[in-house]
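What follows is a short report on a single structure.
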Amino acid sequence: MKMFLAGEWVDRAQTIDVRDPFDDSLVDTVPAATPEDVETALAAAAAATVTARRLNTFERSQILLKAAAWVNERLEEFATTIAREGSKTIREARKEARRCVNTLTISGEEAKRLVGETILFDSFPGGEARKGYFERMPIGVVLAITPFNDPLNLVAHKLGPAIAAGNAVILKPATVTPLSALKLTEAFLAAGLPRDVLQCLTGYGAVLGDRLVSDPRVRMVSFTGGVEAGLRITARAGLKKIGMELGSNSPVIVWKDADLDWAAESCVSGAFWAAGQNCIGVQRIYVQRSVYAPFRDRFVEITRKYRIGNKLDEACDMGPMITEGEAKRTARWIAEAVELGATVACGGRRTGALLEPTVLENVPREATIHHEEVFGPTVNLYPVATLDEAIAEANSVNFGLHAACFTRDVDTAHRLAAGLECGGVMINDSTDYRLDSMPFGGIKNSGLGREGIRFSLQEMTEPKVVCWYLREPEQE
Ligand code: NAP
């Protein structure tokens with residue numbers, strides 16, 4: 001595919017292969033954008049802020065709803081692209097494509113709710129005879145940088161609100177999964193978005209990133225990805241807004257009164273969705289000691305039934321990791337944990353980029369797989385005695401995106417919801433639950449700011465106050 005730069009689909013002499021991680025087959029190629037392309041994109045985006053701002057609310061909303069309909073009419077095509085270029089199975093990819101339709105639809109609806117407020121200027125002495133309001137203004141150029149693991153819907157989470165807010169956007173998708181983002185760009189053009197408002201620049205973050213991020217014409221960097229790139233971007237961004245949706249190491253607490261079958265089923269799915277490459281994937285499960293053995297047995301039994309392999313096979317439950325290198329890295333972390341005393345309850349073997357869904361027990365606190373984000377198909381089980389211990393253990397890592405608990409007891413659920421340090425607590429669901437309209441984001445190393453269209457709209461706009469001084473007419 002070509003990339004979309006300054007209103008044109010363009011090629012470049014240097015291209016990047018997009019390969020299917022299952023069999024390394026070539027899916028397509030995309031241009032490798034150059035530093036000169038970055039300059040072109042920035043100049044075009046700065047000029048396009050005028051076009052973007054001038055789209056009225058009805059037009060923005062219509063474009064977003066038409067883009068949603070366009071994707072909806074091609075769900076299978078989008079799902080196949082997601083499944084081919086990335087790690088997801090075709091069933092997982094269909095769910096992401098449907099969610100993208102929701103995200104764009106919500107954006108089209110929220111465009112009509114982006115309102116300000118009247119201001120009571122006369123509420124303090126000195127403000128008498130003044131009336132006014134604030135409205136929310138587009139921020140200008142939004143730079144959207146997205147990761148590989150949800151190559152369509154996480155792009156929609158940036159383009160939807162940015163366009164609803166009246167901004168111009170430069171999108172830089174993950175190099176390994178640029179095709180879904182390019183197809184979404186096509187959807188926006190087909191929906192009538194003026195051609196200069198959105199650009200999709202394919203190429204390496206390491207080559208393009210610093211130039212894009214540090215340029216003062218960019219007024220907001222909306223980033224989703226890993227902590228390392230997030231910190232680098234934060235250090236280089238200068239005086240502009242930043243939104244950081246970063247990684248996590250999500251804990252689940254399973255209490256003795258829980259529905260253990262449901263807890264196991266839900267946590268297996270939460271741990272191994274997208275081969276564990278999921279920012280809200282389940283990584284650590286703390287189980288009350290009295291139910292530890294039955295929970296572990298049920299969890300392992302379901303995990304052993306997982307069919308892994310070809311993502312396009314309808315029966316496949318889990319595909320490969322995004323690259324063989326990532327599968328090797330995860331296998332190394334498992335080996336390190338085992339060396340330190342962990343035991344493998346099931347899984348652990350690797351063939352190329354395919355790593356079996358893996359369940360670990362007795363994982364020591366110093367193991368990397370305990371305290372860092374694994375972003376792979378492995379999960380750790382730990383017995384705990386008290387709720388306080390469970391909460392302290394859950395909070396003991398430097399991430400805080402989602403946490404979850406399984407219990408039938410209302411008091412236990414309330415105590416956990418209050419005690420868990422994170423952006424969202426799921427009760428009787430795994431951490432892997434997200435509604436596209438809810439506030440989504442984390443604390444600690446999990447990020448800064450919130451997405452979920454209504455909340456992104458606040459981040460991607462600035463309030464502008466208008467104040468009227470109503471002088472008494474002079475006496476005739
Ligand atoms: P990544 O390596 O950080 O890359 C994310 C994006 O940043 C890619 O487009 C990448 O481009 C770009 N990038 C890399 N270095 C850059 C730089 N110096 N300047 C500007 N851009 C740069 O992350 P990933 O491996 O794709 O995704 C996995 C991570 O994303 C995990 O940590 C996961 O938890 C996190 N994530 C968070 C959320 C959330 O909502 N909180 C959702 C999904 C994923 P290249 O591809 O060219 O390197």
Side-chain angles (χ1 to χ4, degrees), residues 3 16 18 21 30-33 35 38 85-88 96 99 103 143-158 170-181 200-215 218 221-237 242-250 273-283 321-323 325-326 329-330 372-376 398-402 422-424 431-432 434 436 438-452 455-456:
M3 66 179 178
I16 299 168
V18 181
V30 293
V38 169
E85 68 175 341
S87 277
K88 285 188 173 170
E96 182 177 343
R99 279 186 57 189
T103 302
L143 170 62
I145 304 178
T146 52
F148 74 84
N149 60 313
D150 288 307
L152 182 67
N153 193 36
L154 290 181
V155 175
H157 263 285
K158 303 204 183 296
I170 301 174
L171 165 65
K172 209 307 279 172
T175 297
V176 282
T177 56
L179 304 176
S180 305
C200 183
L201 212 57
T202 53
Y204 302 103
V207 175
L208 313 174
D210 287 357
R211 274 191 172 76
L212 282 167
V213 161
S214 59
D215 195 281
V218 171
V221 182
S222 175
F223 174 75
T224 301
V227 178
E228 200 183 319
L231 286 173
R232 187 181 170 100
I233 289 166
T234 309
R236 279 160 181 75
I242 47 173
M244 287 282 145
E245 294 286 334
L246 306 179
S248 197
N249 170 344
S250 300
W273 187 265
Q277 299 158 114
N278 175 4
C279 58
I280 46 177
V282 176
Q283 186 168 337
M321 292 191 67
I322 192 68
T323 59
E326 272 299 282
R329 192 262 312 154
T330 310
E372 293 302 325
E373 177 186 37
V374 65
F375 220 60
N398 200 14
F399 294 97
L401 192 49
H402 274 189
C422 56
T431 49
D432 184 24
R434 176 182 183 183
D436 291 294
M438 74 186 207
F440 182 77
I443 61 169
K444 304 184 195 171
N445 270 355
S446 290
L448 200 60
R450 291 292 181 271
E451 289 197 344
F455 308 91
S456 307

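Every number for a ligand or one of its atoms is a count from 1 in the order of the listing.
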Ligand-residue contact atoms, ligand 1 with Lys172, heavy atoms, under 4.0 Å:
9 (O), 10 (C), 11 (O), 45 (P), 46 (O), 47 (O)
Nearest candidate to atom 35 (C) of ligand 1, where distance is taken over non-hydrogen atoms, out of Gly281, Pro147, Gly225
Gly225
Which residue owns the protein heavy atom closest to atom 12 (C) of ligand 1, what's the atom, and how far is it?
Ile145 CG2, 3.6 Å
Among Thr146, Thr224, Leu448, exactly one meets side-chain contact (heavy atoms from CB on, under 4.5 Å) together with Glu245. Which residue is that?
Thr224
Between Arg99 and Glu96, is there a side-chain N and carboxylate O pair less than 4.0 Å apart?
no
Heavy-atom contacts with Tyr204 under 4.0 Å: which atoms of ligand 1 show up? List them by number with element.
47 (O)
Does ligand 1 have an atom that lies less than 4.0 angstrom from a heavy atom of Ile233?
yes
Nearest non-hydrogen protein atom to atom 42 (C) of ligand 1, with distance, is Cys279 SG, 3.0 Å
Gly203 heavy atoms, cut-off 4.0 Å: which ligand 1 atoms fall inside?
47 (O)
Under 4.0 Å to a heavy atom of Thr175 - the qualifying atoms of ligand 1, by number:
45 (P), 46 (O), 47 (O)
heavy-atom search around atom 20 (C) of ligand 1 in the protein gives Gly209 CA, 3.4 Å
At less than 4.0 angstrom from any non-hydrogen atom of Pro173, what atoms of ligand 1 do you find?
9 (O)
What's the shortest distance from atom 18 (N) of ligand 1 to any protein heavy atom, and which residue and atom give it?
Arg232 CD, 3.3 Å
Atoms of ligand 1 under 4.0 Å from any heavy atom of Gly226, numbered from 1 in the order shown, are 1 (P), 3 (O), 23 (O), 29 (C), 30 (O), 32 (O)
Would you say atom 2 (O) of ligand 1 touches the protein, meaning some protein heavy atom is under 4.0 Å from it?
no
Checking a contact table here: which protein heavy atom is nearest atom 33 (C) of ligand 1, and how many Å away?
Phe375 CE1, 3.2 Å
Tell me: protein heavy atom nearest atom 40 (O) of ligand 1, and distance?
Phe440 CE2, 3.2 Å
May I ask you to identify the nearest protein heavy atom to atom 17 (C) of ligand 1, giving residue, atom name and distance to one decimal place in Å?
Gly205 O, 3.7 Å
Any non-hydrogen atom of Gly230 lying under 4.0 Å from ligand 1?
no
Could you check whether Arg450 makes a cation-pi contact with Phe455, meaning its NZ or CZ is under 6.0 Å from the centre of the six-membered ring and within 45° of the ring axis?
no
Protein heavy atom at shortest distance from atom 9 (O) of ligand 1:
Thr146 O, 2.8 Å
Atoms in ligand 1 flagged as close to Glu245, the criterion being non-hydrogen separation under 4.0 Å
37 (C), 38 (C), 39 (C), 40 (O), 41 (N)
For ligand 1, which atoms, with element, lie under 4.0 Å from some heavy atom of Leu154?
42 (C), 43 (C)
